[in-house]
Asks: 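My structure is below; once you've seen it, I'll send some questions.
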Amino acid sequence: MNIQQISVFIENKPGRLQHVLEVLNSGHINILTLTIAEINDFGILRMIVDKPNTAHDILRKENVTSSVNEVLGVGIDDKPGGLLRLIKCFAENKLNIEYMYAFTQKKGDEATMIFRFEDIEAAKNLLIKEGFNIMKKIDIIGDQE
Amino acid sequence: MLYPEKEKISLEKLKELQLERLKWSLKHAYRNNAVYKKKFDDAGFNPDSFSSFDDMKRVPFLYKQEMRESYPYGLFAVPMNKVVRLHSSSGTTGNATVVGYTKNDVEIWAEVCARSLSGIGATEEDIIQVAYGYGLFTGGLGLHYGAEKLGAATIPISGGNTEKQLMLMKDFGSTVLACTPSYALNIADFAAKNAPELDFKKLKLRKGIFGAEPWTNEMRTEIESRLDIDAYDIYGLSEVIGPGVSCECEAKQGMHVFEDHFYVEIINPETGEILPEGSQGEIVYTSLTKEACPVIRYRSRDITRLYRDNCSCGRVFTKMEKITGRSDDMLIIRGVNVFPSQIESVLVAVEGVEPHYQIIVDRKGTLDDIEVKVEVNESIFSDEMKVMSELSSKIASKIKTHLNISAKITLVEPSSIERSVGKAVRVIDKRKK
């Protein structure tokens, strides 16, 4: 199973991120990595957490808008040119990345990158063919749900 | 139809009845109230000289401001020992306005509300959940008395406590819901969030009667599909009697004004001139039977149109269209007339957008600036920024196309826009008047 990411709508105002974190904390949700994309008035907080579906439910109960979707986790060599090799592969095959971010934890000699594609399965099949290490949900998130 | 002898009256007989009652009402106000006496005298109008509808133009208008200045009992035309009920507006924009009812007034009010319920197809077999606020606000008690008069089982739950509203819908088997349209959507939101397993198709709820704030046909479609009911518009204002001044019948095409109790005119809000039937303008009310607080040519500020058609329900009473705006709510933005209801129509036409919005008008330098806040729910939220930006641009461009104004669209979190069980705060005008 692919990695599940939870995304949260937050207004660009003091205290809003805190509110989301408090809700997650109340449900004992552990955040493994996160990134925020923002424009003027609002941001989209994207996270990999240990219990994405539970997080989605408790956020909904607290009237916080969120969604769960699948992203691709790819292991790359943690050395110069490691990311470049992967991105080149996308470019050559005309796969457009919607957005991407890095994972904070390292697994052996590999760093983990998170990618969002329009068509996740197409990207996945390509990378498997090219010999990249695709992370499963269980590798990253575990099996708490 | 509950009172066919009254509601199926011929147009000719209705006009006769109205003229006779108008003469009584004008004299009643003049003889028993000092404010009306002075107004009529100042305008050189003597009710004894009133002989035809054409004389209406000589009768002075009554403005909201005068009602406020008469706080609390200045417009009463009966001694206090004849008054059995008092209601009052919230007075958020100045002194409250207080209205009184005699026993007979309460009786008539109950009757017009009962007629309204009967008009939407409710009968004594129904269980009516009255989720309008009970108290000084006329919504709760008006529908309550109407529902009892109809003979229906009446649940006086009042507004709020949405969890309990849903519980009663299930356990008591309510068949008719009476509340504000925004609260009806609130109930749907709450259910979707907290009781996703609840299937409205399985409830006995079959009809809703919604009023106390203007709403659009798009909102009707949304309420009907989400609650799986037929939704009808009931209209009223506390100054005239409360809910039950007019109501849609099962045809859902215009609200019949109960003309045997209320005389209505459409005027040009700028000049006060009476406009011919079918014109759009401000609706002006004159009570025909009210004893405690007669209203004579009350300027409602509500913009609508009156017309008669051969309605399938058989009532001869004139119809009024849904209120398109208020002449004092009308925003003039860079010279363009804008009613909040127009913005609402645009929003609900964008797929997935719920009509939880707020319009904020400000003046930056010499230019008017309009911002529309729209709440982001799960159905329009995306983890992709480009999708969210496209949503903003789509709303902005639709507003531009339909209303010819450029609005800044701000996407905000759910429930961040103030809303109440009573009336939603739709417009904030920060410009110096």
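Chain A is the first sequence line, chain B the second, and so forth, proteins listed ahead of strands; every chain is numbered from 1. What's counted below: heavy atoms across the whole structure, side chains too, no hydrogens, waters or symmetry copies.
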Asks: To the nearest 0.5 Å, what is the distance between SG (Cys179(B)) and CG (Asn186(B))?
Replies: 9.0 Å
Asks: Does Glu222(B) reach the side chain of Glu218(B), with side-chain heavy atoms less than 4.5 Å apart?
Replies: no
Asks: Flag the pair Val74(A) / Ile134(A) as yes when at least one side-chain heavy-atom distance between them is below 4.5 Å, and no otherwise.
Replies: yes
Asks: First locate atom CG of Asp362(B), then atom NZ of Lys430(B), and finally report the distance between them rounded to the nearest 0.5 Å.
Replies: 5.5 Å
Asks: Could you tell me if the side chain of Lys202(B) sits less than 4.5 Å from the side chain of Lys170(B), heavy atoms only?
Replies: no
Asks: Heavy-atom distances under 4.5 Å only: say whether Lys373(B) touches chain A with side chain, backbone, both or neither.
Replies: neither
Asks: Under 3.5 Å, side chain of Tyr132(B) to main-chain N/O of Gly211(B), donor-acceptor pair present?
Replies: yes
Asks: Do Leu177(B) and Met169(B) have side chains that approach each other closer than 4.5 Å (heavy atoms only, starting at C-beta)?
Replies: yes
Asks: Answer whether the closest heavy-atom distance between the side chains of Ile87(A) and Ile97(A) falls below 4.5 Å.
Replies: yes
Asks: What parts of residues 121-133 of chain A touch chain B if we use heavy atoms and a cut-off under 4.5 Å?
Replies: none
Asks: Got a sec, which pairs hit salt bridge (charged side-chain N to carboxylate O under 4.0 Å, His left out) with one end in residues 42-53 of chain A, sequence neighbours left out?
Replies: none
Asks: Tell me which of these, Thr410(B), Leu411(B), Asn194(B), has more heavy-atom pairs under 4.5 Å with chain A than the rest.
Replies: Leu411(B)
Asks: With a 4.5 Å limit on heavy-atom distance, are the side chains of Arg426(B) and Ile359(B) in contact?
Replies: no
Asks: Walk me through it: do Val350(B) and Leu391(B) pass the test side-chain contact (heavy atoms from CB on, under 4.5 Å)?
Replies: CA-CA 9 Å; Val350(B) 177; Leu391(B) 176 71; 4.1 Å; yes
Asks: Given side chains that start at C-beta, do those of Ile370(B) and Ile343(B) come closer than 4.5 Å, heavy atoms only?
Replies: yes
Asks: Looking at Lys408(B), I'd like to know if its NZ atom is crowded, meaning that more than 12 non-hydrogen atoms belonging to other residues, nucleotides or ligands lie closer than 6.0 Å.
Replies: yes
Asks: For chain A, find which of Met388(B), Lys193(B), Met385(B) contributes the most heavy-atom pairs closer than 4.5 angstrom.
Replies: Met385(B)
Asks: Pull out the residues in residues 54-69 of chain A that come under 4.5 Å of chain B, heavy atom to heavy atom, sorted by number.
Replies: His56(A), Arg60(A), Asn63(A), Thr65(A), Ser66(A), Ser67(A), Asn69(A)
Asks: Which residues in residues 3-16 of chain A have any heavy atom closer than 4.5 Å to a heavy atom of chain B?
Replies: Gln5(A), Ser7(A), Val8(A), Phe9(A), Ile10(A), Glu11(A), Arg16(A)
Asks: Compare all side-chain heavy atoms of Asp77(A) with those of Asp109(A) and state whether any distance is below 4.5 angstrom.
Replies: no
